[in-house]
Structure formats: structure tokens, C-alpha cells
Amino acid sequence: MFTIATWNVNSLRVRLNHVLEWLALRKPDVLALQETKVEDQHFPEEALRQAGYHVFFNGQKTYNGVALLSCSPLHNLLTALPNLDDIQRRVLIANIGNLRIVNVYVPNGASPDSEKYIYKLNWLNKLQAYLQQELIQHPRLIVLGDFNIAPEDKDVHDPAAWEGHVLVSPAERNALKGILDLGLKDSFRLLNTEPGQYSWWDYRAGAFRRNNGLRIDHILSSSELAPHCVRCEIDKEIRGWEKPSDHVPIIASYENIN
DNA sequence: ATGGTTGGCTTCCAA
């Protein structure tokens, strides 16, 4: 069994103990982190190595930042989409075993009338183009991370209140659909059909207590891998830990892929 | 209820 997870930690330095505790609890083979918000020279490499993980990271000051933790070595590393000139550190790509792993922190988009929204849609367009090429060479592909898009109304606690907002707008959903249409499957939805399953809750207004959340973090499995995905779970209880990230981990398990 | 909270190196911005 191979297990892989994604988690937007909203500052790795603040959340390091949560990450170490969670790794000890769930023992995933791979963990993809987003919003590490730490420059590479300050990355807590040693603590994660001692926990048994190879580390690969791509950070910047204050914003963004991604990392890959893996029990087995990482190879053929990339720290950006090759088709997008972007100073923001949002991507890590690696081979792990016979898999190709793409860790993404998709731009938030701020609001549909903003420059950041245009940047988000362009970013997603470039990601789709890259993945289309990547699937030719690497049919055993997993794309995971914070997509900042709720695919359907059932992934939103109050679709009427959210209509037209960033994270749920038709253009964003269409951009995600373009990526899914490459043959990448939403692993959570392969195995769970119920609404009300979220991966992010706003820190404000008691959102978690009211389960006012969105499902915006995803693990996409290529057509070749999807039939092997036997579990995909949202680790909701972590949101109840002391000083939690606003996102929780999603963990997927695959069998017979060696 | 256009509110509210968290993280960063800030005197506000991003989420």
C-alpha cells in the first residue's frame, strides 16, 4: 500500500509540531505541503529528516512555498512549471519510485474583479498545458495540493452565499474541469459521494464549529492510477488541534502499484 | 452581518 497526502499548513515554522505529530500518527509515504512561508535557508530540514523523510523544498519569504516529504528518495526534480515564468514559489515536481508527483499551491485569486484572479486563471491554464505534456511521459501521475477551487456546489457549505465568489466561480471550475478532462480523477470523489466534506474552514466567525467550509484541496490520480486508489480521506479532526492550520490533510491510499 | 481570525516582519497585506 502506498499512501500520499496533501496539507496546506499556513506556515511550516508555526505548524512544525503538528506536521511531526501527524506524520507519526498516519505515517504517509509522501506528504506534499503548501504555504510553508519559509525561505529555504530556514527550512526545518533536520527535524523532518529525523522523522524519516527525504525533503525537497521551494520557499520564499512571507508568502507561498511548497515542500515534498518522502520516505523514499526523490528524483528528477523541478521547482517551477517549465512553461510559466513566475517568481512565486508554488510548484514542486518529483519522481518517487515509479510515480510522478506534482505538488501545487494554486493562486487564491482574491476576487473575480482582481488582477490576482486573472493571474490565477492564467496559472491554471499553464498548469493544464504542462500536465497534458507530462501525462505523455508519465502516465503514473498524481497531482495534489491546494487548488483553491471547490469543484461542485456539494463541496460548498452554502452555495447560494458563495455564488460568484472566488474559489467557486464558473471560470475557476471550468479551469479545473480542463485539468480533470486530461484524464485526472478527483480521488476523493472516486470514493466518497456525500456533500458536506470540506478541507478548509475560514478562521473567522466560528466557521469550523458550524462546518462552514469548502473542499478546495485535492489529490488527482491519472487514469492509470485511479483504479488503484482504494481510500481517500479528509483528516478533519486536525482542525480541532490547538492553533491549527485553516486547512486539513487529505490522504489517499493506492494498492498494487509497485 | 461586506463582519470575523491568523501569520508575517507589518504598522497593513494575504488568505
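Predicted model, so just to flag it, every value in this text is computed and none were measured. Lettering of chains follows the sequences in order, A, B, ..., and the numbering in each one begins at 1.
- The salt bridge (charged side-chain N to carboxylate O under 4.0 Å, His left out) search around A/Asp158 returns none, not counting sequence neighbours.
- In terms of the salt bridge (charged side-chain N to carboxylate O under 4.0 Å, His left out) criterion, residue partners of A/Arg231 (sequence neighbours excluded) are, by chain and number, A/Glu233.
- For the C1' atom pair drawn from B/dA14 and B/dG4, the interatomic distance equals 15 Å after rounding to whole Å.
- Annotation for A/Cys229 and A/Ala252: closest pair SG-CB, 4.3 Å, computed over non-hydrogen atoms.
- The side-chain hydrogen bond (donor to acceptor under 3.5 Å, both in side chains) search around A/Lys37 returns A/Asn10, not counting sequence neighbours.
- By the side-chain hydrogen bond (donor to acceptor under 3.5 Å, both in side chains) test, A/Arg239 is found to be paired with no residue, residues two or more places apart in sequence or in another chain being considered.
- Distance noted for atom P between B/dT2 and B/dG7: 26 Å (whole Å).
- Atom P of B/dC9 sits at a distance of 22 Å from the matching atom of B/dT5, rounded to the whole Å.
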Query raised in the report: What does nucleotides 6-15 of chain B look like as a protein-contact string, B for base, S for sugar-phosphate only, - for none, at under 4.0 angstrom between heavy atoms?
Result: SSSS----SB
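- A/Asp153 pairs by the salt bridge (charged side-chain N to carboxylate O under 4.0 Å, His left out) definition with A/Arg173, not counting sequence neighbours.
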Report summary line: Encoded 5' to 3' (Watson-Crick or G-U under 3.5 Å; [ ] crossing; | other strand), DNA chain B becomes ....((((...))))
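- Straight-line distance between the C1' atoms of B/dG8 and B/dG3: roughly 23 Å, to the nearest whole Å.
- Residues passing the side-chain hydrogen bond (donor to acceptor under 3.5 Å, both in side chains) test with A/Arg15, sequence neighbours excluded: none.
- Applying the side-chain hydrogen bond (donor to acceptor under 3.5 Å, both in side chains) rule to pairs touching residues 16-25 of chain A yields A/Trp22-A/Asp235, sequence neighbours excluded.
- When the P atom is used for both B/dT6 and B/dA1, the distance is 24 Å, rounded to whole Å.
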